[in-house]
Structure formats: C-alpha cells, structure tokens
Protein chains: 2
Amino acid sequence: MANSPSSDSMIDRIVRVLETFTADRSVQSASQIGRRAALPSSTAHRIVDELVDAGLLGRDEDRRVHLGMRLWELALRGSTALRLRQAALPYMERVQTHIRQHTQLAVLEQDEALFLERLSHPDAGANITRIAGRLPLHASSSGLVLLAHAPADLRERVLAQPLRALAPETVTDPGRLRRLLAGVRRDGVAIAQGSIESVSTGVAVPIRDAGEVVAALSVVLPRQAPHTAAIIALREAVTGIEATLRSPR
Amino acid sequence: MANSPSSDSMIDRIVRVLETFTADRSVQSASQIGRRAALPSSTAHRIVDELVDAGLLGRDEDRRVHLGMRLWELALRGSTALRLRQAALPYMERVQTHIRQHTQLAVLEQDEALFLERLSHPDAGANITRIAGRLPLHASSSGLVLLAHAPADLRERVLAQPLRALAPETVTDPGRLRRLLAGVRRDGVAIAQGSIESVSTGVAVPIRDAGEVVAALSVVLPRQAPHTAAIIALREAVTGIEATLRSPR
DNA sequence: TCGGCGTCTCCCGTTCAACGGGAATGCGGC
DNA sequence: GCCGCATTCCCGTTGAACGGGAGACGCCGA
C-alpha cells in the first residue's frame with residue numbers, strides 16, 4: 001500500500017500526503033501520514049505543519065489532521081469540474097424523479113472514470129460509486145462511454161493493459177470490448193450488465209461540449225429492470241445539460 | 001490585486017498559484033499566473049510545469065492552464081466538506097421544492113462564510129453566493145448564524161475589525177450586531193433583510209453535529225416574502241441533516 | 001515586410017533553506 | 001515501572017531551488 005518514493009519534488013510529496021486521505025481515513029496523525037506517504041518522520045511532521053499553516057490541512061484538538069476547507073475552496077473555485085457539475089445537477093435531479101435509482105456524472109481522468117456527482121434515491125440499493133471515487137474504464141457503463149469517445153491512443157493503451165474483472169461477467173477481452181465500444185459509438189448509449197455487480201445494470205450516455213465528449217451521465221438499475229425509460233430520461237437530461245454548457249450561464 | 005510575497009515557502013507559492021484561479025479566470029497562461037502570484041517569470045514557469053506534471057493543473061492544446069481534475073479529487077475524497085454536503089443535499093432539494101428560491105449551505109472558514117452548496121430554483125432571481133465563494137460573517141444570514149455560535153474570541157476579533165457594508169442596510173455597528181447575534185442564539189434563526197442586496201432577505205438556521213454548530217443552512221427570499229414558511233422548511237431540513245450526520249452513513 | 005509584444009525555453013553560477021538522522025521529551029496503557 | 005508511539009528539537013551537510021538574462025517563437029497591426 002505504501003507508495004514507492006519514485007520521484008521526490010516538494011510537489012510530489014504534497015500529493016503523496018494528500019493521497020493518504022481517503023473516505024475511510026479522513027483523520028490521521030502526522031506520523032501515520034508520514035508512514036503512508038513514505039516520508040521520514042521528522043520530514044513528515046515539518047511538511048504537515050507547513051500544510052496546516054497554509055490552511056490546506058486542518059488540525060483537531062487532539063493534534064490529528066484532516067483535509068482543510070481551504071484546499072476544498074482552492075480546488076473548486078474556477079474548476080471546470082464545478083462548472084460541469086452545476087450544469088448537470090438540475091437535470092440529474094429530474095432524472096432522479098423519473099428513475100428512482102442512482103444517477104451519476106463521470107469524467108475521464110488518468111485512464112479511469114472519475115465520478116463528479118452522484119444522486120441516490122432512498123429506495124435504491126447500495127452502489128459502489130462515490131463522489132471523487134474512480135472505476136476502471138472497461139468495467140462501468142460510464143467508463144465505456146468515456147472510453148468509446150476517447151482519443152484512439154488512449155483507448156489502445158487501456159485495452160493493451162491487463163483488464164481487471166470486478167464481477168464474474170465483467171468483459172475483459174480486448175476484442176469483445178472493441179466491438180462493444182463500436183456499438184456504444186453507433187448507438188449513443190452504453191449498457192453494462194453485471195460489470196460491477198452481478199445484480200445491477202449500468203446505462204450511460206455521453207455529454208458533449210463544443211462537439212467533444214466531456215463527461216458521461218449514467219444510471220444504475222436493478223438487473224432485470226427495463227432500460228428504455230432510463231435511456232429516454234438520460235437523453236432528455238443530456239439535451240438540457242448541453243444547452244446549459246453552451247449558454248454563458 | 002497582486003499578492004505581496006510576505007512569506008515564501010514552496011507551499012505558499014503553490015497556494016498563491018492556485019489562488020489566481022477564480023470563476024472568471026479559470027484558464028490562464030503561465031506568465032499571467034506568474035504575474036498574479038508575484039513570481040519571477042522563469043520561476044513561475046517552472047512551478048506551473050511541476051504542478052501540471054503532478055496533475056494538479058491541466059494544460060490546453062494552446063498551452064494555457066486550468067485547475068486539474070486530480071486536484072479536485074484529492075481535495076474532496078476524505079474531506080469533511082463532502083460528508084456534510086452529502087448529508088445535506090437531499091434535504092436541501094426538499095427545501096427547494098417548497099421554497100422556490102435559493103437554498104445554501106455554508107461553513108465558517110478563516111473568519112468568513114464559505115459556501116459549500118447552492119441550489120437555485122429556475123424562477124428565482126440572481127444571487128451573489130457561489131459554491132466555493134465567500135461572504136463576510138456580519139453581512140449574510142448564514143454568516144450571522146455561524147458568527148453567533150462561533151467561539152467568543154473569534155466573534156470579538158471579527159467585531160473589532162472595520163465591517164464592510166455590502167448594501168445600504170448592512171448592519172456594521174458592533175453593538176447592534178452583538179444584540180442581533182444574541183437574538184440569533186435565542187431564536188435559533190437569523191434573518192438578514194437587505195444586508196447583501198436591498199431587494200432580498202436571507203433566512204438561516206444552524207446545523208449541529210455532536211452539539212457543535214458546524215454549518216448554516218439558508219434561503220434567500222424576495223424582500224417582501226413572508227419568512228415563516230422558510231423557517232419551517234429549514235428547521236425540518238436540519239432535523240433530517242442532523243440525523244444523517246449522526247448515523248454512520 | 002517589418003517591428004513590437006507577449007510567451008515560453010534554456011542556461012548557469014550562487015546560495016540558503018530543506019533535509020533527515022538522532023536524541024530527547026511527553027503521553028498513555030498494560 | 002516499562003514499553004510503544006507521537007512529537008519536538010538540534011544541527012551539520014548539501015544539492016536543488018532560485019531567478020536574472022538572453023534568445024527563440026508566434027501573432028498581430030502597420
């Protein structure tokens with residue numbers, strides 16, 4: 001789990017420190033951070049102190065450390081992620097009222113699908129996806145949409161790597177995937193049955209900005225549920241989102 | 001506008017670079033960043049390059065620079081801001097359906113109100129608040145709630161500073177504010193008429209986690225609209241949010 | 001065609017702040 | 001008391017950050 005300190009600029013170290021924070025490890029001691037980020041103890045304490053002084057990290061009364069609001073603020077204001085999310089949110093809510101399941105917004109980031117937003121209906125079941133979480137491109141409907149419209153070199157690079165199966169039915173054969181992706185481009189929709197969990201199906205469509213596919217909008221349905229209503233709701237939402245992206249605000 | 005390079009660690013410089021990105025300046029050249037962050041040109045280019053390599057910044061085809069998805073990801077996963085927002089979002093949506101205006105979630109950050117979330121009904125008018133935006137504590141209903149329940153030393157520090165008036169009716173007299181804040185603590189609600197814009201009124205209530213006030217939930221109404229429905233809707237939402245925060249997930 | 005402007009890259013000698021090993025202190029818990 | 005862990009302090013070393021400056025490149029208007 002410990003990162004090998006392959007390179008070592010100040011910035012790499014800061015990133016390694018930030019990477020030690022996850023949903024289940026949101027509060028840690030400076031020493032823990034140091035161990036997980038592969039930093040010598042005294043160095044880790046110094047860097048953590050500096051980050052706390054800058055407001056990027058916060059400190060509890062018991063000296064334990066957590067991500068700071070200021071980091072959140074700096075990362076969001078002026079980010080394209082926020083712009084996209086703001087455009088999408090109202091339409092995602094509308095999807096949510098029709099399809100009472102999970103609705104998600106994902107973008108391509110470092111050869112994976114990064115989830116920007118998730119709305120979950122109270123009645124819907126569990127769902128792996130988390131905001132700021134990732135999934136492999138080949139194993140989620142959102143990922144398939146993003147991969148299908150990605151530059152060819154990226155697509156080939158991903159397909160050349162060994163593809164992990166998240167569930168028994170995950171498609172990991174490059175040839176079959178290539179045919180799947182062609183279908184996604186043709187139909188404008190990706191349907192992934194049991195790719196992540198056997199019991200559920202993902203349905204995803206692309207969102208375009210100035211012609212380019214910039215994100216994927218998806219819903220997760222129970223395995224046996226029909227797809228047509230979902231596809232219609234997603235297409236309608238995309239129309240609205242794309243109109244919002246085009247207009248100044 | 002240019003920041004004085006008061007201190008100058010690597011981290012300060014990075015923060016200064018990130019600070020140059022705002023909603024209206026989301027894409028800039030490396031030279032622009034350097035000027036705005038008060039960095040020598042060659043230094044600015046080097047730092048920007050490093051940040052791009054680390055994925056914290058992204059680069060367009062035309063070499064202009066924007067905030068990276070990876071920064072967004074690192075800032076959010078494991079952040080308490082996300083946890084709070086996730087707990088609040090469904091209840092904010094419910095408020096939104098009753099009070100068809102703006103609904104906002106804010107926290108205290110560095111003696112200002114930092115807005116974590118905003119939902120806006122299509123029919124509602126313009127609104128200053130932006131996600132990842134700030135407002136002074138004394139001049140918004142959310143700010144008054146946060147200030148009223150803040151530690152006494154912070155409250156006194158804020159009241160001792162010269163208080164800016166955002167609108168003609170903004171209350172800037174420390175004595176009057178102190179009395180206002182006592183009323184907020186007593187009533188459990190803050191009402192700010194024309195503090196930001198003459199035409200609107202803010203109504204805000206506190207959100208508690210383990211007894212501590214951690215955030216404020218607010219709506220912005222047209223000046224003449226009645227407050228009672230808003231207060232009821234906000235109180236109901238807070239109940240739900242606090243229950244969510246208490247339960248594991 | 002030319003000149004000017006802004007951006008970016010490259011080079012290189014200087015320097016000083018980051019670095020981290022190690023020892024010491026403090027703090028529970030068994 | 002004793003151990004394990006987190007944190008703090010000290011200090012001599014060193015190499016990487018620093019930034020001034022020169023020059024290349026591209027764009028635009030004259």
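Keep in mind that this is a model prediction, so the values were computed, not measured. Note: hydrogens, waters and symmetry copies are ignored here, and every other heavy atom, side chains too, is used. In what follows, chains are A, B, ... by sequence order, proteins preceding strands, each numbered from 1.
Axis angle between the ends of the helix from dT1(C)-dA30(D) to dC30(C)-dG1(D), five pairs each and rounded to 10 degrees, works out to 40°.
Rounded to an integer number of Å, the gap from Asp8(A) CG to dA18(C) C1' is 12 Å. To the nearest angstrom, P of dA17(C) lies 13 Å from CG of Asp12(B). Between the CZ atom of Arg63(A) and the P atom of dG26(C) there is a distance of 15 Å, rounded to whole Å.
A side-chain N or O of Ser120(B) and one of Arg118(B) form a donor-acceptor pair less than 3.5 Å apart. Between the side chains of Gln28(B) and Arg36(B), a donor-acceptor pair is found at a separation under 3.5 Å.
At most 12 heavy atoms of other shown residues, nucleotides or ligands fall within 6.0 angstrom of atom CZ in Arg25(B).
A salt bridge does not link Arg155(A) to Asp111(A): none of the charged side-chain nitrogens sits closer than 4.0 Å to a carboxylate oxygen. Salt-bridge annotation for Glu117(A) and Arg85(B): present, with a side-chain N of the basic residue lying under 4.0 Å from a carboxylate O of the acidic one. A salt bridge does not link Glu50(A) with Arg13(B): none of the charged nitrogens is closer than 4.0 Å to a carboxylate oxygen. Salt-bridge formation is detected for the pair Asp209(A)/Arg83(A): a Lys NZ or Arg NE/NH1/NH2 atom is positioned less than 4.0 Å from an Asp or Glu carboxylate oxygen. The pair Glu73(B)-Arg134(A) counts as a salt bridge, with a side-chain nitrogen and a carboxylate oxygen less than 4.0 angstrom apart. A salt bridge links Asp49(B) with Arg59(B): at least one charged nitrogen is closer than 4.0 Å to a carboxylate oxygen.
Comparing Asp62(A) and Ser41(B) by the nucleotide of DNA chain D whose heavy atom lies nearest to each, the residue mapping closer to the 5' end is Asp62(A).
Near DNA chain C, defined here as any heavy-atom distance below 4.0 Å, the residues from residues 42-59 of chain B are Ser42(B), His45(B), listed numerically.
Between Leu89(B) and Leu119(A), the closest side-chain pair of non-hydrogen atoms falls below 4.5 Å. Here the side chains of Leu108(A) and Leu154(A) are in contact, with some heavy-atom distance below 4.5 Å.
For dC19(C), the OP1/OP2 oxygens have a side-chain nitrogen or oxygen of Arg13(A) closer than 4.0 Å.
Between chain B and DNA chain D, the heavy-atom contact criterion of under 4.0 Å yields a 5' to 3' nucleotide range of dA17(D) to dG21(D).
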